[in-house]
Visitor: 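Before I ask anything, here is the structure I am working with.
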Amino acid sequence: MSESSKTADPQSLSPREENFLVAERRAKLARLRRRGEAFPNDFRRNARAGELQNQYADRERWDGAALEALHRKVRVAGRIRAKRTMGRVAFLPLEDESGRIQLFLRADRTPDYEELLELVDVGDLVGAEGSLTRTRSGELSVVVERLRILVKALRPLPDKWLGLSDIEQRYRQRYLDLIVHPEVREVFRLRSRLVAAMRRWLDARGFIEVETPMMHPIPGGAAARPFITHHNALGIDLYLRIAPELYLKRLVVGGFERIYEINRCFRNEGVSTRHNPEFTMLELYEAYADFEDIMALTEAMIRELAEELLGTTSLVWEGKKIDLGPEFRRVRLEELVAKHHPELPRNRLRDEETLRRYASAHGIVLPEQGGWGKLLLELFEKTIEPALIQPTFVTHYPAEVSPLARANDEDREVTDRFELFINGREIANGFSELNDPEDQAERFRAQAQAKAAGDAEAMPYDADYIRALEYGLPPTGGLGVGIDRLTMFFADRSSIRDVLLFPALRPEAD
RNA sequence: GGGUCGUUAGCUCAGUCGGUAGAGCAGCGGACUUUUAAUCCGUAGGUCGCAGGUUCGAUUCCUGCACGACCCA
């Protein structure tokens with residue numbers, strides 16, 4: 001912790017929201033300390049709740065007598081989720097990561113019965129040792145012969161039935177959200193399995209995972225505003241990466257033919273249900289492949305991941321059935337615009353005046369700067385993108401808005417590029433990489449001009465990247481996939497915050 | 001950046017046409033030897049987001065601010 005850190009302020013060290021409930025629990029903790037039983041770490045469990053529930057799920061076979069005849073001593077540990085005392089007996093459901101099992105305390109079997117019940121609260125972490133039985137109502141239970149409070153919870157849990165519904169508190173105190181809502185834990189398990197499966201999928205196809213810098217002297221690889229930080233020893237500003245693209249392609253120059261990186265990118269932009277300032281992206285590059293190959297790869301990967309993780313290619317997202325089974329639709333950007341806007345003649349789309357007149361006649365606000373490519377893209381994003389529900393590859397984006405993509409051989413004003421949309425959201429972006437250093441230098445100069453003219457998202461000229469291309473980047477196809485959005489899709493969530501453990505929020509006021 | 005809505009007990013929520021507030025759960029005390037949101041009796045718990053204004057009096061009305069949600073840019 002650095003001296004200049006804000007936590008040096010004694011005010012910020014004071015605990016939040018002390019109240020009589022906390023005081024009550026602190027007093028119990030004090031009693032535990034006097035007994036020499038506070039925060040032990042020598043309890044070792046030999047069973048987990050969910051495994052016991054599975055093992056003895058058959059109630060006919062495993063009735064109370066059969067369970068007791070086992071004479072099996074189990075040691076389980078976890079959080080107490082309720083407390084039902086009935087005088088000489090008490091029931092304490094205990095939850096660990098695998099599930100729940102009920103602790104059955106009996107005054108005649110559990111030493112220190114009275115005092116333990118006084119000391120233990122809902123929310124405490126306990127270790128219990130005992131034998132298995134089934135209660136009259138059929139609940140698999142541990143008859144507790146020894147109970148130890150491993151951690152005294154000083155704060156009460158939210159309402160046992162209604163849980164935690166304050167969305168702000170759920171994001172700020174995700175740990176509480178996770179304790180109270182098992183289904184939230186499931187979302188993040190799915191996310192973990194998705195990323196792991198994606199790595200396996202790519203590894204199996206000969207891709208290797210690499211790690212490139214997160215701090216860039218020159219921000220590049222995407223159209224976005226970067227975060228700026230400072231390196232004291234070097235005395236320079238650095239930019240948190242907005243994309244790993246330019247480093248990954250340098251590695252393809254160096255001879256790695258199939259590489260990928262799954263990690264965080266940072267963009268200094270607004271927060272919304274689909275944007276977080278830090279987010280996770282897969283980027284991959286395959287030498288001697290083009291955007292058609294990459295589209296096929298993207299489609300196969302998403303389809304097969306759904307099959308593996310969800311057991312189906314028929315998903316539901318926000319109530320809409322999304323079918324990953326059939327071949328994804330492929331359509332050129334300009335065709336799509338012409339189809340949705342019949343009054344716009346197909347052969348006049350590359351005309352700024354036509355686009356502007358049409359937009360203002362229809363109340364569509366377009367940016368003041370930019371050529372036909374930028375205007376057309378804006379028109380698409382505003383009027384068509386939200387309607388692309390089934391998986392759709394939109395292809396051949398204007399070169400003007402694709403400064404790192406290879407120009408199409410028949411039509412130099414567009415690029416061999418695609419974006420994949422599902423349920424109105426951009427999921428992936430890929431293209432044949434621009435490997436002509438002179439063309440790339442020209443595009444960088446155009447970007448630098450746009451930047452000078454006030455476009456904060458335009459890319460700066462990266463001379464070393466041009467130098468790398470001058471040694472020869474193989475013909476290459478590349479891909480970026482938004483992991484957060486893909487998780488939203490697989491987990492059927494509407495907000496990116498629901499797939500981020502700690503979404504960006506303004507700091508809590510003290 | 002703009003609009004709408006929200007912020008009341010630890011949690012989930014009522015409520016006050018302006019007279020400083022209630023419930024359920026959680027808590028505390030008691031009863032209870034098979035509960036499943038246990039039940040029953042009793043009890044305690046609040047800077048009504050923050051700051052101003054209007055008013056004899058503001059949690060309530062007005063303004064500003066903070067944080068959040070949704071929509072728009």
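A quick note: this is a predicted structure, and the numbers were derived from the prediction, not measured. A, B, ... follow the sequence lines: proteins, then strands. Residue 1 opens every chain.
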Visitor: On RNA chain B, compare the nucleotides closest to Leu505(A) and Ser141(A); which residue's is nearer the 5' end?
Guide: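 Closer to the 5' end of RNA chain B: Ser141(A).
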
Visitor: Salt-bridge test for Arg100(A) and Glu139(A): reply yes if a basic N is under 4.0 Å from a carboxylate O, no otherwise.
Guide: no

Visitor: Which is true for Arg506(A) with a 4.0 Å heavy-atom rule: it touches a base, it touches only sugar-phosphate, or it touches nothing?
Guide: sugar-phosphate

Visitor: Given atom CG of Leu162(A) and atom P of rA14(B), what is their separation to the nearest angstrom?
Guide: 12 Å

Visitor: Leu164(A) CG to rG68(B) P: how many Å, rounded?
Guide: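 In whole Å, rG68(B) P and Leu164(A) CG are 16 Å from each other.
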
Visitor: Whole angstroms only, please: what is the CG-P distance between Asp166(A) and rG10(B)?
Guide: 13 Å

Visitor: In whole Å, I'd like the distance from the CD atom of Gln169(A) to the C1' atom of rA9(B).
Guide: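 Between C1' of rA9(B) and CD of Gln169(A): 13 Å.
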
Visitor: Side-chain N or O of Arg497(A) versus OP1/OP2 of rC70(B): is the shortest distance under 4.0 Å?
Guide: yes

Visitor: Answer yes or no: is there an ion pair linking Lys73(A) with Glu145(A), defined by an N-O contact shorter than 4.0 Å?
Guide: yes

Visitor: Within the structure shown, what part of the strands sits under 4.0 Å from Gly270(A) by heavy-atom distance: base, sugar-phosphate, or nothing?
Guide: nothing

Visitor: Look at Arg35(A) together with Glu37(A) and state whether they make a salt bridge at an N to O cut-off of under 4.0 Å.
Guide: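 Salt bridge between Arg35(A) and Glu37(A), a charged N being under 4.0 Å from a carboxylate O: yes.
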
Visitor: When the P atoms of rU8(B) and rU59(B) are considered, how many whole Å apart are they?
Guide: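 The answer is 15 Å between these two P atoms.
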
Visitor: Decide if atom CG of Asn41(A) counts as having more than 12 heavy atoms of other residues, nucleotides or ligands within a radius under 6.0 Å.
Guide: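 Open: at most 12 neighbouring heavy atoms sit under 6.0 Å from CG of Asn41(A).
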
Visitor: rC65(B) and rA26(B): how far apart are their P atoms, nearest whole angstrom?
Guide: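 rC65(B) and rA26(B) have their P atoms separated by 42 Å.
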
Visitor: Output yes when Lys339(A) and Glu335(A) qualify as a salt bridge under the 4.0 Å nitrogen-oxygen rule, no when they do not.
Guide: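 Salt bridge absent between Lys339(A) and Glu335(A).
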
Visitor: Roughly how far apart, to the nearest Å, are rA14(B) and rA21(B) at atom C1'?
Guide: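 To the nearest whole Å, 11 Å.
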
Visitor: When the C1' atoms of rC67(B) and rG22(B) are considered, how many whole Å apart are they?
Guide: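 Nearest-Å result for rC67(B) against rG22(B) at atom C1': 26 Å.
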
Visitor: Looking only at atom P, what distance separates rU4(B) and rG29(B), rounded to whole Å?
Guide: 50 Å

Visitor: If each of Ser165(A) and Lys382(A) is mapped to the nucleotide of RNA chain B with the nearest heavy atom, which maps nearer the 5' terminus, i.e. the 5' end?
Guide: Ser165(A)

Visitor: Does Arg417(A) make a cation-pi contact with Tyr397(A), if we ask for NZ or CZ under 6.0 Å from the ring centre and within 45° of the axis?
Guide: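 The answer is yes, since Arg417(A) meets both limits relative to Tyr397(A).
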
Visitor: Tell me what Gln102(A) touches on the nucleic acid: a base, only sugar-phosphate, or nothing, going by heavy atoms under 4.0 Å.
Guide: base

Visitor: Looking only at atom C1', what distance separates rG42(B) and rG6(B), rounded to whole Å?
Guide: 36 Å

Visitor: Does one side chain, of Gln369(A) or Asp455(A), offer a donor that lies under 3.5 Å from an acceptor on the other?
Guide: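 There is no such pair (donor and acceptor under 3.5 Å, judged by atom type) between the side chains of Gln369(A) and Asp455(A).
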
Visitor: Determine the interatomic distance between P on rA9(B) and the same-named atom on rA51(B); round to the nearest Å.
Guide: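 After rounding to an integer number of Å, I get 16 Å for this pair.
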
Visitor: Dot-bracket for RNA chain B, 5' to 3', counting Watson-Crick or G-U wobble pairs under 3.5 Å, with [ ] for crossing pairs and | for inter-strand pairs?
Guide: (((((((..((((.....[..)))).(((((.......))))).....(((((..]....)))))))))))).

Visitor: Taking N or O atoms only and anything under 3.5 Å, show me the protein contacts with nucleotides 25-34 of chain B, one pair per line.
Guide:
| unit_1 | atom_1 | unit_2 | atom_2 | d |
| --- | --- | --- | --- | --- |
| rC25(B) | O3' | Lys160(A) | NZ | 3.2 |
| rC25(B) | O2 | Asp159(A) | OD2 | 3.4 |
| rA26(B) | OP1 | Lys160(A) | NZ | 2.8 |
| rC28(B) | OP1 | Lys28(A) | NZ | 2.4 |
| rC32(B) | N3 | Gly87(A) | N | 3.2 |
| rC32(B) | N4 | Gly87(A) | N | 3.4 |
| rU34(B) | O2 | Arg136(A) | N | 2.9 |
| rU34(B) | O4 | Arg106(A) | NH1 | 3.1 |

Visitor: Run the salt-bridge test on Asp96(A) and Arg45(A) with the 4.0 Å N-O cut-off and return the result as yes or no.
Guide: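 Yes, charged N to carboxylate O under 4.0 Å.
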
Visitor: Among the candidates rC67(B), rA38(B), rA73(B), find the nucleotide nearest to the side-chain atoms of Val365(A).
Guide: rA73(B)

Visitor: Starting at OH of Tyr175(A) and ending at P of rC11(B), how long is that distance when rounded to a whole Å?
Guide: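 Interatomic distance, OH of Tyr175(A) to P of rC11(B): 12 Å.
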
Visitor: Could you check whether Arg100(A) gets within reach of a base, just the sugar-phosphate, or nothing at all, counting any heavy atom under 4.0 Å?
Guide: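 Arg100(A): no heavy atom of the nucleic acid under 4.0 Å.
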
Visitor: One thing to verify: whether Glu95(A) and Arg185(A) come together as a salt bridge, which I'm taking to mean a side-chain N less than 4.0 angstrom from a carboxylate O.
Guide: yes

Visitor: Angle class for the Tyr56(A)/Trp62(A) ring planes (parallel below 30°, perpendicular above 60°, tilted otherwise)?
Guide: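 It falls in the perpendicular class, over 60°.
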
Visitor: Between rU35(B) and Glu139(A), counting only base atoms on the nucleotide and side-chain atoms on the residue, is there a donor-acceptor pair under 3.5 Å?
Guide: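 No pair found.
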
Visitor: Figure out the CD/P separation between Glu168(A) and rG6(B), and round it to whole Å.
Guide: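 Spelled out: CD on Glu168(A) to P on rG6(B) is 16 Å.
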
Visitor: Please state the P separation for the pair rC61(B) and rC17(B) - nearest whole angstrom.
Guide: 10 Å

Visitor: For Ile167(A) and rC11(B), what is the distance between atoms CD1 and P respectively, to the nearest whole Å?
Guide: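 Interatomic distance, CD1 of Ile167(A) to P of rC11(B): 15 Å.
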
Visitor: Does atom CD of Gln55(A) have more than 12 heavy-atom neighbours from other groups under 6.0 Å away?
Guide: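 More than 12 within 6.0 Å, yes.
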
Visitor: Taking atom C1' of rA69(B) as reference, at what distance in whole Å does atom CZ of Arg493(A) sit?
Guide: 17 Å

